[in-house]
Amino acid sequence: MSIAELARAELRTLHPYEAAQQVDSTIRLNANEAPWSSCADRFRRPLNRYPEIRPGSLARMLGAYFGCDPSRLLVTRGTSEAIDLLIRAFCREGKDNIVTTTPTFSMYGHYAAVQGAAHRTVETLPEKDFEIDVDAVLEACDEQTRLIFVCSPNNPTGTLVPRQALRDLLERRGDSSAIVVDEAYIEFSGEPSVVELLEAHPNLLVLRTLSKALAFAGARCGTVMGPVDVIRILNAIQAPYALSTPVVECVEDALSSSAIDEARGRIAEIVAERERLMAATSSFAFVETVWPSAANFFLVRVDNGDTVLRRARDNGILLRNFGGSLQNCIRITVGSKAENDRLLTVLAQMDRGEP
Ligand SMILES: Cc1ncc(COP(=O)(O)O)c(C=O)c1O
């Protein structure tokens with residue numbers, strides 16, 4: 001069975017919105033557009049015209065970049081939109097559920113709440129470096145579990161899910177649920193993307209974003225990749241013209257080879273800075289734990305989280321704290337070398353007990 005059959009029955013046969021035809025070198029009086037282009041228009045495709053209903057050339061470029069056939073890929077407004085589309089497509093309000101590990105990215109639970117789907121969580125433990133327990137995830141599932149979200153590397157812990165654990169989950173859950181692997185931070189891990197498992201595992205969906213390693217958070221662009229029939233359903237429910245002309249052109253430029261080469265160099269710098277920051281941070285007496293990280297951030301436990309946050313804030317540096325099982329834990333995003341130096345100076349002053 002295809003996991004597309006787990007989607008809401010009324011959406012499986014929904015057709016995408018039928019957009020007005022767009023044919024070059026024609027007089028276009030079929031879409032109620034303005035006939036003139038504004039003087040503020042600096043784009044290759046004029047802004048008085050609607051963008052393509054789905055950005056075809058961008059999808060091909062992203063497919064080439066991520067190693068996936070474009071027919072298996074939907075371009076979305078960040079992976080945030082992909083998460084929303086997936087939960088709306090698969091979960092019936094009041095009936096179906098999603099499963100996540102905890103702690104993890106809060107957007108999965110948020111969109112489950114928006115859709116009225118239940119959210120089941122499986123705890124991962126700080127003393128086990130937040131390792132995923134596949135048996136526990138499978139035990140948390142029932143017949144109504146439509147989606148299992150696996151965030152790897154995980155936000156906010158930085159934990160990478162080992163390939164073998166993921167294969168185990170994919171194989172043992174089979175076509176009873178879709179397994180959604182969110183790889184927002186995979187470029188910082190040095191590990192290959194699980195996109196290469198798509199052929200072998202028809203219950204796998206993969207999320208990738210341009211917001212992190214490619215430095216395009218402001219453009220709002222990501223992808224969901226998976227079986228063609230699932231992509232077709234997501235395509236039918238996504239808003240028409242979701243990706244605007246400025247975004248499409250900016251991301252096309254970002255995917256040109258020179259921009260990608262530049263990003264590769266920067267990723268290596270961030271990884272080196274992460275290792276430097278983690279080593280320096282672990283030497284401070286007020287830092288109790290520094291967890292391993294495969295992302296562009298890392299998580300630490302300190303003796304007094306509020307004091308550290310306040311001290312950083314007073315010096316113009318924002319860090320992120322969490323509640324629940326992550327009391328006194330702080331997530332530190334790796335910045336530029338100068339930003340990291342500034343953070344280390346502030347933390348060292350604190351460590352020496354200087355006011
Ligand atoms: C794990 C994870 N997934 C997805 C996102 C959302 O990314 P996007 O900017 O692509 O919507 C984030 C953002 O912080 C994230 O941490």
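Every heavy atom of this structure was used, including side-chain atoms; hydrogens, water molecules and symmetry mates were not. Both ligands and their constituent atoms are indexed starting at 1 by order of listing.
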With a 4.0 Å cut-off, would you call Asp84 and Arg88 a salt bridge? yes
Less than 6.0 Å separating the ring centroids of Phe105 and Tyr108? yes
Filter on side chain to side chain donor-acceptor pair (under 3.5 Å), then keep only pairs touching residues 17-35, sequence neighbours left out; what's left? Glu33-Arg49
Derivation of the side-chain hydrogen bond (donor to acceptor under 3.5 Å, both in side chains) call for Asn321 and Arg331: CA-CA 6 Å; Asn321 66 336; Arg331 189 189 66 194; over 6 Å; no
Less than 6.0 Å separating the ring centroids of Tyr185 and Phe297? yes
Are Phe130 and Trp291, when compared by the centres of their aromatic rings, separated by less than 6.0 Å? yes
Show me a pair-per-line table, with atom names and distances to 0.1 Å, of protein N or O atoms that are under 3.5 Å from an N or O of ligand 1.
| unit_1 | atom_1 | unit_2 | atom_2 | d |
| --- | --- | --- | --- | --- |
| ligand 1 | 3 (N) | Asp182 | OD1 | 3.3 |
| ligand 1 | 3 (N) | Asp182 | OD2 | 2.6 |
| ligand 1 | 7 (O) | Thr79 | OG1 | 3.2 |
| ligand 1 | 9 (O) | Ser211 | OG | 2.6 |
| ligand 1 | 9 (O) | Arg220 | NH1 | 2.8 |
| ligand 1 | 9 (O) | Arg220 | NH2 | 3.4 |
| ligand 1 | 10 (O) | Thr79 | N | 2.7 |
| ligand 1 | 10 (O) | Thr79 | OG1 | 2.8 |
| ligand 1 | 10 (O) | Thr209 | OG1 | 2.5 |
| ligand 1 | 10 (O) | Ser211 | OG | 3.4 |
| ligand 1 | 11 (O) | Thr79 | N | 3.2 |
| ligand 1 | 11 (O) | Ser80 | N | 3.0 |
| ligand 1 | 11 (O) | Ser80 | OG | 2.5 |
| ligand 1 | 11 (O) | Arg220 | NH2 | 2.8 |
| ligand 1 | 14 (O) | Tyr185 | OH | 3.3 |
| ligand 1 | 14 (O) | Lys212 | NZ | 2.8 |
| ligand 1 | 16 (O) | Asn155 | ND2 | 2.8 |
| ligand 1 | 16 (O) | Tyr185 | OH | 2.7 |

